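Because the structure is a prediction, the values reported are computed rather than measured.
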Amino acid sequence: MNPQSTAECRKLHDHIAAGTETAQTATVAGRIMLRRVQGKLAFATLQDAAGRIQLFAPAKVTPDYEGFCALSLGDWVRVSGLIMKTRTGELSVKVQEWEQLAQARRAFPDKWHGLADPDTRFRQRYVDLWVTDKARATFQMRSEMMSLTRRWLEDRDFMEVETPVFHPVPGGALAEPFSTHHNALGIDLFLRIAPELYLKRLVVGGFERVFEIARVFRNEGISTRHNPEFTMLELYWAYADYGDIMELVEELVAHLARLLQGTTHLSYQGRELDLTPPWPRRSFSELLAAHSGLDVNLRTPLDELRAHCTDRDISVQNHWGPGKLLLELYEKTTEPELWGPVFVCDYPKEVSPLAKDHSENPGWVERFEAIVAGRELANAFSELTDPDEQKARFEHQAAQKDVGDTEAMSVDRDYLRALEFGLPPTGGLGVGMDRLAMLLADVPNIRDVILFPTLRPESL
RNA sequence: GCCCCUCUAGCUCAACUGGCAGAGCAACGGACUCUUAAUCCGCAGGUUCUGGGUUCGAAUCCCAGGGGGGGUACCA
C-alpha cells in the first residue's frame, strides 16, 4: 500500500486538539531522523519528501517495541496507526504497525549540524539531500522552475524539441568543445556547446516556435558560476526580433519569480534585485563609454584600442579586430559594474557570428545580453538569416581558428545549405538555467543548483 | 593554468609558543510513559589526507604529492 505523505497528514489533521486522537489510521513512510526513547514510550521523527511528522510509540501498542527502539537514525520505515496529537500538541502517528524498509548501515551525519564539508555534500548528494533542508528545497524549486518554464512557453505555442548532443561540427557558440569518437562510423564527434544551429534548422523546416532545454558541454574552467555541463534554454521564434525576445525574457523571469518567490522584488546574496518588467535597455556603446570613460568605437585605430586594452591588463592577441577589442574592454571595465537587470544591446559584429546586422549601425548586430545580479543570464539576437553573409562570417571564424583561436567556429556547410532554403526573420534566445536557478534560490554557487556537479573523481 | 586558504573519530569541532590527541552528537550497554537536538549513567572509537624532512619531541614547523574551497584567467 502506498503511504500518505506527511504533508497530507498535516493538512488533514493539523487542526485537532492537543491530547486527542482521531479515528483515522494513516500509513506514512520515510527515514527516521530523530529518536527519543524513554522507557515504555518512544518518539521518533519521520521525514519523507514532503516534510516531517512525529511517530508516537507506546510499548503497549507498538509491536516489537524493542526492535522499533533499536532503529537507527537514517533507517527507512513504514508505519501505520491512528493520527493523534500529543499532550504538548505535536501531530503524531501512533505506531500500531511498522516495518523496516531499508537500513542505514553507515553512520548518520551530525543530527544538528548536518553536513558542512562542501566536498562531502557534492560527492554524496544522497546524504546531503536528506540532511540539508536548504539543498532539498533548492532542487525542488529548480524542478518547479523547469516545469513552469515549459508550461509558460507551451502556453505561447512554443514546441519543445530534442536535437543531437553529438555534433559533427561544433557550433552555435564560441567555446571549446569536448570531443569523442564513434567506433562504427569511424568519426570524431563533439558534444554540443549549444543547440542553436539545429534549432534554427527546425525553423527552416517550418516549426515556427521551438525551444529546447539542452544540456550543453564546454571544455572550460570550473568556478562558482561554471560547470562543464550545464543547462541552457534556447528558443527560436519566427517573425520576431531581439526586441520581442527582450519582452519575452523579462516576462518569463518575472513570472518565475512571482510563482517561486511570490514577488519580483528579490534579494540576491543580501543585495536587492528588482525583476519587475520592463527592464532598462542600454546600448553596449553607451555603457562602455560611461563605465570605461573611453571615447572609442569601431573606427578607433587598432593601435589605440590595443593600448587601452594593455593599460587594463588585457593580453591582446594579434588577430583581434576592433570589435573583439571593444568587447574585451567592455568585459573588463563595464560588465563587472553592472548589477541589473539590464539588457545590454547591440554588440560588435565581429564577436557575434550568428547575429543579424543592425538595421542602423554598420559593424554592429542586433544582439543583447541580459545582465541580472551581475551575471550574464541570457544572450539573444535577431538571427542572421542571409546564407551569403553567414558563409562569410563562418569563413572569418575559420580563419581565426587557423591562427589559434580554439573557441572560434567552424564552417557548418549543412547549416549554410539549410539557410539557402530560407530562414524567415527569427529571434533567438539562450538562457543559463542554472544561473537562473541560483538567482531564484538565492545561492552563491552553481554547485548548489546542480545535483551532481563535475568533480575530480574520488579514489575509494 | 596561476595565487591564497584548508584537511584532526562516522558527523560538527577543540588541542596555547612544537610538549600525554579531546568534547558534543552518532554508535554500543544501561535507566526512564508526553519527548522535540529528550535527559541521565557507562563504554568504545584515531595512518591527525599521504610521503619525506627538521627536532629530544610534530596535528602544529619545512618540502613534495593528493582532495576540497575561494579568487583569478576563459566562458553561460
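B:C56 and B:C20: their C1' atoms are spaced 16 Å apart (whole Å). Here, B:G22 and B:U48 have their C1' atoms 12 Å apart, quoted to the whole Å. Comparing the C1' positions of B:G1 and B:C11 gives an interatomic distance of 35 Å, to the nearest angstrom. Between B:G52 and B:U17, the distance separating the two C1' atoms is 25 Å to the nearest Å. Between the P atoms of B:C2 and B:A64, the separation comes to 13 Å (whole Å). Look at the P atom in both B:G46 and B:C3: the space between them is 38 Å, to the nearest Å. Only the C1' atoms considered, B:C43 is 15 Å distant from B:A31, to the nearest whole Å. Across B:G57 and B:A21, the matching P atoms stand 15 Å from one another, rounded to whole Å.
For A:Asn219 and B:C74, the shortest distance from a side-chain N or O to OP1 or OP2 is not below 4.0 Å. The side chain of A:Arg123 contributes an N or O atom lying less than 4.0 Å from OP1 or OP2 of B:G68. Taking 4.0 angstrom as the limit, A:Arg35 places a side-chain polar atom (N or O) nearer than this to OP1 or OP2 of B:A27. A:Thr86 has no side-chain polar atom (N or O) that falls below the 4.0 Å cut-off from OP1 or OP2 of B:U35.
Taking every heavy atom of both residues into account, A:Ser223 and A:Asn445 meet most closely at O-OD1, 4.4 Å. The heavy-atom pair separating A:Leu199 from A:Val161 by the smallest distance is CD2-CG2, 3.4 Å. Minimum heavy-atom separation, A:Glu250 to A:Pro277: O-CG, 3.7 Å.
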Could you write out each protein N or O paired with an N or O of nucleotides 10-12 of chain B at a distance under 3.5 Å?
residue	atom	partner	partner atom	Å
B:C11	O2'	A:Asp110	N	2.8
B:C11	O2'	A:Gly114	O	3.0
B:C11	O2	A:Asp110	OD2	3.2
B:U12	OP1	A:Ala116	N	2.9
B:U12	OP1	A:Asp117	N	3.2

Show me the protein contacts with nucleotides 2-7 of chain B, counting only N or O atoms at under 3.5 Å.
none

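As judged by a 4.0 angstrom heavy-atom cut-off over every strand, A:Glu220 is placed among the base-contacting residues. Note on A:Asn379: nothing from the nucleic acid sits closer than 4.0 angstrom, heavy atoms only.
Within residues 36-46 of chain A, the residues approaching RNA chain B are A:Arg36, A:Val37, A:Gln38, A:Gly39, A:Lys40, A:Leu41, A:Phe43, by heavy-atom distance under 4.0 Å. Taking a 4.0 Å limit (strictly below) on heavy-atom distances, residues 51-69 of chain A reaches RNA chain B at A:Gln54, A:Phe56, A:Lys60. Remark: nothing in residues 6-24 of chain A comes within less than 4.0 Å of RNA chain B through any heavy atom.
Of the candidate nucleotides B:U72, B:A73, B:U35, B:U72 has the atom lying nearest to any side-chain atom of A:Arg225. Distances from the side chain of A:Leu34 to the nucleotides B:G71, B:C34, B:A37 place B:A37 closest. Checking B:G70, B:C74, B:G67 against every side-chain atom of A:Arg456, the shortest atom distance belongs to B:G67.
We find that CD of A:Glu335 is positioned 11 Å from P of B:C74, with the value rounded to whole Å. What separates CH2 of A:Trp320 from C1' of B:C74 is a distance of 10 Å, to the nearest Å. For A:Phe122 and B:G67, the CZ to P distance is 17 Å, given to the nearest whole Å. Atom CG in A:Asp75 sits roughly 12 Å away from atom C1' in B:A27 (whole-Å rounding). In this structure, A:Ile222 places its CD1 atom 13 Å from C1' of B:G1, rounding to the nearest Å. The CD-C1' distance, from A:Glu328 to B:C74, rounds to 9 Å in whole Å. Rounded to whole Å, atom P of B:G70 lies 9 Å from atom CG of A:Asp448.
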Under the 3.5 Å Watson-Crick or G-U criterion, the dot-bracket string of RNA chain B, with | for inter-strand pairs | (((((((..((((.....[..))))..((((.......))))......(((((..]....))))))))))))....
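Only one option out of A:Leu91, A:Leu34, A:Thr6, A:Thr86 pairs with A:Gln54 in a side chain to side chain contact (heavy atoms under 4.5 Å, CB included); it is A:Thr86. Results of the side chain to side chain contact (heavy atoms under 4.5 Å, CB included) test with A:Arg218 over A:Leu191, A:Ile193, A:Leu174, A:Asn227 single out A:Ile193 as the only residue that passes. When each of A:Phe368, A:Phe284, A:Phe381 is tested with A:Tyr347 by the rule ring pair (Phe, Tyr, Trp, His ring centres under 6.0 Å), just one qualifies, namely A:Phe284.
With a 4.5 Å cut-off on side-chain heavy atoms, A:Asp402 and A:Gln397 do not count as touching.
One can find a donor-acceptor pair under 3.5 Å joining the base of B:U36 and the side-chain atoms of A:Thr88.
We find that A:Arg150 and A:Glu160 are joined by a salt bridge, their nearest charged nitrogen and carboxylate oxygen being less than 4.0 Å apart. The residues A:Lys332 and A:Glu328 are annotated as not salt-bridged, no charged nitrogen and carboxylate oxygen being separated by less than 4.0 angstrom. A salt bridge does not link A:Asp75 with A:Arg105: none of the charged nitrogens is closer than 4.0 Å to a carboxylate oxygen.
Taking CZ from A:Phe211 and CG from A:Leu153, the interatomic distance works out to 5.0 Å, rounded to the nearest 0.5 Å. Here the CD-CD distance, from A:Gln24 to A:Gln4, works out to 8.5 Å after rounding to the nearest 0.5 Å.
By the side chain to side chain donor-acceptor pair (under 3.5 Å) test, A:Asp64 pairs with no residue at all, sequence neighbours left out. The ring pair (Phe, Tyr, Trp, His ring centres under 6.0 Å) search around A:Phe68 returns A:Trp98, not counting sequence neighbours. In this view, A:Trp130 and A:Phe108 satisfy the ring pair (Phe, Tyr, Trp, His ring centres under 6.0 Å) rule, not counting sequence neighbours. Every ring pair (Phe, Tyr, Trp, His ring centres under 6.0 Å) that A:Phe56 has, sequence neighbours left out, goes to A:Phe43. Every residue meeting the ring pair (Phe, Tyr, Trp, His ring centres under 6.0 Å) condition with A:Tyr198, not counting sequence neighbours, appears here in chain and number order: A:His167.
Projected onto RNA chain B by closest heavy-atom contact, A:Gly221 and A:Trp112 fall at different nucleotides, the more 5' of which corresponds to A:Trp112.
In summary, the side chains of A:Glu337 and A:His291 do present a donor paired with an acceptor at a separation below 3.5 Å, with no hydrogens or angles considered. Side-chain polar atoms of A:Thr120 and A:Arg125 form no donor-acceptor pair below 3.5 angstrom.
Ring centroids of A:Phe166 and A:Phe190 are separated by 6.0 Å or more, keeping the two rings apart.
Screening residues 309-318 of chain A for side chain to side chain donor-acceptor pair (under 3.5 Å) gives no qualifying pairs among residues at least two apart or on separate chains.
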